[in-house]
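Letters A, B, ... are given to chains in the order of the sequence lines, protein chains preceding strands, and every chain is numbered from 1.
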Amino acid sequence: MDYNKLAELLFPHITKTPEDYEALYPQRDLPEGAKVTRLGPSPTGFIHLGNLYGAFVDERLAHQSGGKFFLRIEDTDDKRYVEGAVEIIINSLRFFGINFDEGATMTGDIGQYGDYTQSHRGEIYQCFAKKMVADGTAYPCFMTEEEIAQIHEQQEAEKANPGIYGKWAKSRNLTMEEIQAKLAAGTPYVIRLKSDGDMSLPEDQIRRVQVKDAIREILDFPANDQDTVILKATGIPTYHFAHVVDDHLMRTTHVVRGAEWLPSLPIHVELFEKLGWEPPIYCHTAQLMKIDEETGNKRKLSKRHDPELSLDYYRNQGYHPAAVREYLLTILNSNFEEWRMANPDADIDEFEFTTEKMSNSGALFDLNKLNDISKDVLLKISASDLYDFLKGWAEEFKPDLLHIFEDRAYLERILDLGRAEAKPRKDHIYAQQMVENISYFFDDMFRIEDEMPAEAAADVATIIAKYLETYDHSDDQTQWFEKIRQITEELGYAVKPKDFKKNPDQYKGHVGHVSTVVRVALMGRQQSPDVWEIQQILSEDRTRARLAKFL
RNA sequence: GGCUCCAUGGUCAAGCGGUCAAGACACCGCCCUUUCACGGCGGUAACCCGGGUUCGAUUCCCGGUGGAGUCACCA
């Protein structure tokens, strides 16, 4: 068989050579140790937490080493394309602080290693497929879908491994004449890798391949034996081939991808071997998991089944991007939490991220933990920044709430309530929750949500009346509380809660019950931050009005 | 079914042959306290099983078991 002739027959329109592309995309001129990473989403426009998790690794690796991080659109499957997806991807990631140095953008490519959209790179893939055909390491396959389905059935019946390999690869040994005839008849075909692997050999004779993974150390598996499709009938490559060609030509140094790619790693290794290229360093990240409600077991996050893990969900809820980043880093690097405790105020970028410290078992997404982390993160954000963040969130998701932003100073005081103390309050978690938390500060949202405390129920009117009567907005906190005590005593309640607990028969209740009455009248809830501070923010008029209205 | 990955409390996890097996979140209790939150103190709770190797295994090896992933002209 004259493979060169076959290559020309199959790819007469390809005139460039592999050398041309090698020259077009030279080695990158980067400092020693600089890492080049990439994110290769398919343009479905759907991003979930798992994608962010992986993107974060790429971003850290590249930017911590003085390297490059680029975006490549992997749209070799036309069925997946969703309009505007590139924009969504870039914007969603940017929101969480992940920015690309080069690659596809909304307005065109940035960088010297493009085109960064796989569907535009047809000729490049075909050039290398042509080379493989010329080398005798790839061949045209004319099998129809029906034939392949039939083979699958037969394999199932024989309990053989499924797939096109060895004796099942019927187009593998076609003669030139047969191929010419098929071509002349216009029979559609794909290009398959001609694998040297053979899994049917006795176990000790099967060739094994070792790959060092940056997260998982040595990976050891049997060499690939599948004649995997590298070019579809349309001339578009499959993921496997596109990955190998692109990451070589784009001079990617580290390929970060989910562990679901582990099973196809042998294919990629063989492809790199056949093309005579050095493979990149692989970083197979553990999958983010969730508990499946139906089975009660852990399972990989799924785009289809877990819409609540979409990035949009977190934006909707109003989680601050810094909190999400902080959370992701704690599950990404096991020593991050420790580092954070030692450096509570350090910038997150100062943390040295390493693949070695990444876990290789799948972590369950833990909302409790996110919330806890978020409290600490938001505490460090100034009221002014918090205001801007909240407003941005409301503009996008809660336009009917925009009126609360009219008085900036007022909202900032509310957001800062209790945060200046030595032991500051950590009330803020995410926008939606914050808004609910502070709703009583706004008359249109204020309503009585809680009951009056049972101990003081009979005296509610009296307590409020007396309180209003003695109310002086200019009282300091001590003076203010002294008045509460007086009312407490006058009405037969214990000034010290302990007295009441010791002798519950001697009192109607204690000072806590009395102040709770005020709290419910003013805030509509039994629980709130300090009443005096709230009153100061509310203003005298609003305070008096609410008390009066309650009577 | 084949291949692969994974295996320490409810969750995330330190550990890398000798530890009363860290810590964080969650949970419970107590303290602080006019409520809540914050904070402090304390508590419940773990090395999947069986063989080796070794004076000694959570740690190393083998075998099970369990969980996950993957076997497309999808990525």
Side-chain angles (χ1 to χ4, degrees), chain A residues 40-44 74-80 118 141 143 145 148 152 155-156 159-164 188-192 199 213 216 219-222 224-226 228-234 236-240 242-243 257-266 284 286-287 289 291 295 297-300 327 330-331 334-335 337-338 340-341 359-373 375 379 418-419 421-427 437 450 453 481 484-485 488 493 495-497 510-516 518-520 523 525-532:
Chain A
S42 62
T44 57
E74 310 214 336
D75 57 348
T76 54
D77 180 18
D78 44 0
K79 291 185 281 296
R80 286 200 183 200
Q118 289 182 333
C141 170
M143 285 196 286
E145 274 183 50
I148 293 173
H152 269 262
Q155 284 169 330
E156 208 160 314
K159 295 203 168 167
N161 281 333
I164 304 302
Y189 65 94
V190 299
I191 302 293
R192 286 183 187 271
M199 296 261 273
D213 182 285
R216 293 156 193 273
L219 261 14
D220 178 282
F221 43 80
N224 173 54
D225 74 333
Q226 296 277 337
T228 311
V229 172
I230 60 174
L231 232 45
K232 306 178 198 177
T234 51
I236 300 283
T238 56
Y239 168 85
H240 309 295
H243 150 54
R257 48 152 61 153
E260 73 269 23
W261 288 109
L262 244 18
S264 51
L265 186 53
H284 287 98
Q287 288 294 345
M289 313 290 275
I291 295 286
T295 64
N297 289 328
K298 269 192 185 183
R299 67 165 166 74
K300 184 179 114 172
Y327 172 68
T330 75
I331 55 175
S334 55
N335 56 333
E337 236 178 324
E338 197 181 318
R340 178 49 90 200
M341 274 189 261
S359 166
N360 39 16
S361 58
L364 213 50
F365 178 77
D366 186 350
L367 196 62
N368 274 326
K369 189 81 178 180
L370 204 212
N371 286 342
D372 180 68
I373 287 169
K375 285 185 193 176
L379 179 60
R419 298 210 308 164
E421 333 288 306
K423 291 173 189 168
R425 300 188 68 91
K426 295 179 181 174
D427 291 325
N437 237 355
D450 292 345
F481 193 55
I484 296 264
R485 290 180 130 127
T488 301
Y493 290 80
V495 171
K496 292 180 178 170
H510 61 76
V511 65
H513 300 122
V514 175
S515 55
T516 298
V518 176
R519 213 179 287 275
V520 172
M523 276 72 90
R525 355 229 249 217
Q526 290 210 2
Q527 286 136 15
S528 80
D530 186 78
V531 174
W532 180 81

Expressed as a whole number of Å, how far does the P atom of B:rC20 sit from that of B:rC3? 42 Å
Atom C1', compared across B:rU33 and B:rC6: separation rounded to whole Å = 47 Å
A:Arg519 has its side chain closest, among B:rC5, B:rU35, B:rA37, to B:rU35
A:Ser515 has its side chain closest, among B:rG23, B:rU34, B:rC36, to B:rU34
For B:rU70, the nucleotide meeting Watson-Crick or G-U wobble distances (both under 3.5 Å) is B:rG2
- Message: Quick check on A:Glu421: does its CD atom have over 12 non-hydrogen neighbours (other residues, nucleotides or ligands) under 6.0 Å away?
- Response: yes
By the Watson-Crick or G-U definition, both distances under 3.5 Å, B:rA37 is matched with none
- Query: Under 4.0 Å between a side-chain N/O of A:Thr76 and OP1 or OP2 of B:rA75, yes or no?
  - Reply: yes
Which of B:rA26, B:rU35, B:rC74 is nearest the side chain of A:Asp77? It is B:rC74
To the nearest angstrom, the NE2-P distance between A:His284 and B:rU70 comes to 13 Å
A:Leu364 CG to B:rU8 C1', in whole Å, measures 16 Å
Atom CZ of A:Arg485 and atom P of B:rU34 are separated, to the nearest Å, by 8 Å
Geometric class of the A:Phe365/A:Tyr327 ring pair [parallel <30°, tilted 30-60°, perpendicular >60°]:
perpendicular
Next item on the list: Answer yes or no: is there a donor N or O on one side and an acceptor on the other, between the side chain of A:His513 and the main chain of A:His510, under 3.5 Å?
Entry: yes
The nucleotide from B:rG1, B:rC5, B:rA75 with an atom nearest the side chain of A:Pro162 is B:rG1
### Query
Hey, is the main chain of A:Thr516 close enough, under 3.5 Å, to the side chain of A:Gln526 for a donor-acceptor pair?
no
Query raised in the report: Ignoring hydrogens and geometry, is there a side-chain-to-backbone donor-acceptor pair from A:Gln226 to A:Pro162 under 3.5 Å?
Result: yes
By nearest-nucleotide position on RNA chain B, the 5'-leaning member of A:Trp261 and A:Asp220 is A:Asp220
Checking B:rA75, B:rC12, B:rA24 against the side chain of A:Lys369 (C-beta onward), the nearest is B:rA24
- prompt: Between B:rG39 and A:Lys426, is there an OP1 or OP2 to side-chain N/O distance shorter than 4.0 Å?
  reply: yes
Check your understanding: Is there a donor-acceptor pair closer than 3.5 Å between any side-chain N or O of A:Arg257 and the backbone N or O of A:Leu262?
Key -> no
Considering only atom P, compute the distance from B:rA68 to B:rG63 and round it to an integer number of Å. 22 Å
From CG of A:Leu379 across to C1' of B:rC38 the rounded distance in Å is 10 Å
In Watson-Crick or G-U wobble terms, with both distances under 3.5 Å, the base opposite B:rA75 is none
Using a 4.0 Å heavy-atom cut-off, does A:Val190 contact any base of the nucleic acid, only the sugar-phosphate backbone, or nothing at all?
base
Of the candidates B:rC6, B:rU34, B:rC73, the side chain of A:Arg192 sits closest to B:rC73
Of the listed B:rC5, B:rA72, B:rC12, the closest approach to the A:His152 side chain comes from B:rA72
Next item on the list: Quote, to the nearest angstrom, the C1' distance that separates B:rU65 from B:rC49.
Entry: 7 Å
Among B:rU4, B:rA75, B:rU11, the one nearest any side-chain atom of A:Asp366 is B:rU11
Separation of B:rC71 atom P from A:Glu156 atom CD, nearest Å, is 15 Å
**Request:** Report yes or no: is the ring centroid of A:Phe481 under 5.5 Å from the six-membered base ring centroid of B:rU34, with the two planes under 30 degrees?
**Result:** yes
(request) Using atom types as modelled and distance alone, determine if a side-chain donor or acceptor of A:Arg419 lies under 3.5 Å from a backbone N or O of A:Asp427. (result) no
Spacing of the C1' atoms in B:rC16 and B:rU58 (rounded, Å): 11 Å
Comparing A:Lys159 with A:Lys375, nearest RNA chain B nucleotide closer to 5' gives the residue A:Lys159
Exercise for review: Sticking with atom P, work out how far B:rC47 lies from B:rG9, rounded to a whole angstrom.
Suggested key: 7 Å
*asked:* So A:Gln526, base contact, sugar-phosphate only, or nothing? Heavy-atom distance under 4.0 Å.
replied: base
Are A:Val511 and A:Pro497 close enough that some pair of their side-chain heavy atoms sits under 4.5 Å apart? yes
Atom CD of A:Gln155 and atom P of B:rC3 are separated, to the nearest Å, by 16 Å
Out of B:rU70, B:rA37, B:rU35, minimum distance to the side chain of A:Arg425 belongs to B:rA37
With sequence neighbours left out, the residues meeting salt bridge (Lys or Arg N to Asp or Glu O under 4.0 Å) with A:Lys369 are A:Glu337
When the P atoms of B:rA26 and B:rU19 are compared, how many Å lie between them, rounded to an integer? 31 Å
Which of B:rC73, B:rA75, B:rA24 is nearest the side chain of A:His240? It is B:rA75
Mate of B:rA24 across any strand shown (Watson-Crick or G-U wobble, both atom pairs under 3.5 Å) is B:rU11
Close N/O contacts between protein and nucleotides 40-43 of chain B (under 3.5 Å):
none

The side-chain hydrogen bond (donor to acceptor under 3.5 Å, both in side chains) partners of A:Asn371 (sequence neighbours excluded) come to A:Tyr319
Pairing partner of B:rC60, by Watson-Crick or G-U wobble and under 3.5 Å for both distances, is B:rG52
Spacing of the P atoms in B:rG15 and B:rG23 (rounded, Å) | 15 Å
Exercise for the section: Considering just the side-chain nitrogens and oxygens of A:Asn368, establish if one lies under 4.0 Å of OP1 or OP2 belonging to B:rU11. Expected result: no
